[in-house]
Amino acid sequence: MQYSGLSEFLKDARALPGKGPVAMIFCEDEVEIDTTLRHHMQCGFAHVLAFMPAHFSLAPDVAAKVHRLPFDPAADQAVPRIVSRVASAAPGLWMFYCYNAEYLFYPFCETRSVVELMAFHAEERRDAVLTYVVDLYADDLTRHPDAVSLDDAFLDRSGYYALARKDAEDDDRPKERQLDFFGGLRWRYEEHVPAERRKIDRIALFRAKPGLTLREDHTFDDEEYNTYACPWHNNLTAALVSFRTAKALKRNPGSTFDIPTFKWHNSTPFEWHSRQLLDLGLMEPGQWF
């Protein structure tokens, strides 16, 4: 179904999701839109909201199953504003957001739905899931100049690290159970990435509630949502494998000519399976087995 705007969608009682989880996909360009939407429908999301400019096309089978809403990728803080509005309109539902050419993976996702994941996490008395954005890139930039190839995708198997997240309101003391995570292409090509955009952590899965606000750095105004674990034990984490950074680095005139290839000695083919991400330590099952 197609809507003229977010306000129309939220006013339509039939469109307002009565059950979750809900996926919000923000399409910044026309790269792999259909595969992104299909992937998240297959994960088990009850509703998939596709935000995209009017001139972007959708495959017929995808268009019939998603809620399509207009979106201006160039608008200031467009994604945080939309996510916050949808979250306030459907309190209590689990929600997810990502961009096109990004794909959610979580422990055992090949055999368990995202509904099962959210049910378990809720039993752990958690309202958010820490998600690492793991950069993907094509192996051959001559054949794939936009750095995107599902069949020949690579990722970094090492080079990830975390630093304490400082609290500016408390003399820069470390925040409890919060870390800033780095790695991937944003780390290897940091000279081309603004400092405030080098983190790879994102709270991509969360339980909506009135007044919850997403900030531009992919954290929420409720600090407990930004923690990686509860006080008593570790919790599961998820991964978003993403071509977004590779696309940006190759499209940016200031960086594209400095990057003949993204491959290095720590590159490895992506197997499109959660087992590989678990083995590399790029997500963990916590107490979920």
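We count residues from 1, following the sequence as given. Quick caveat: nothing in here was measured; it's all calculated off a predicted structure.
Between Y97 and H218, the ring planes lie parallel to each other; the angle is under 30°, not in the 30° to 60° tilted range.
The pair D217-K199 fails the salt-bridge criterion, with no side-chain N (NZ, NE, NH1 or NH2) lying under 4.0 Å from an Asp/Glu carboxylate O.
Of all non-hydrogen atoms in V134 and A239, the two that sit nearest each other are CG2-CB, 4.2 Å.
Ring centroids of F206 and H121 are separated by 6.0 Å or more, keeping the two rings apart. F120 has its ring centre no less than 6.0 Å from the ring centre of F108. The six-membered or imidazole ring of F262 lies away from that of F154, with a centre-to-centre distance of 6.0 Å or more.
A cation-pi contact links R188 to Y137, judged by a cut-off of 6.0 Å to the six-membered ring centre and 45° from its axis.
A ring-ring contact (aromatic ring centres under 6.0 Å, His included) with F9 is found for one member of F51, Y3, F71 and no other, namely Y3. None of R165, R177, R215 except one satisfies the salt bridge (charged side-chain N to carboxylate O under 4.0 Å, His left out) rule with E223; the exception is R215.
Partners of E30 under the side-chain hydrogen bond (donor to acceptor under 3.5 Å, both in side chains) rule, at least two apart in sequence or in another chain, do not exist in this structure.
Residues F96 and L240 are in side-chain contact: their nearest non-hydrogen atoms beyond the backbone lie under 4.5 Å apart.
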#### Entry: Worked check of salt bridge (Lys or Arg N to Asp or Glu O under 4.0 Å) between E8 and R68
CA-CA 12 Å; E8 179 191 2; R68 177 169 180 165; over 6 Å; no
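Checking side-chain atoms of Q276 against main-chain N and O of P269 turns up a donor-acceptor pair under 3.5 Å.
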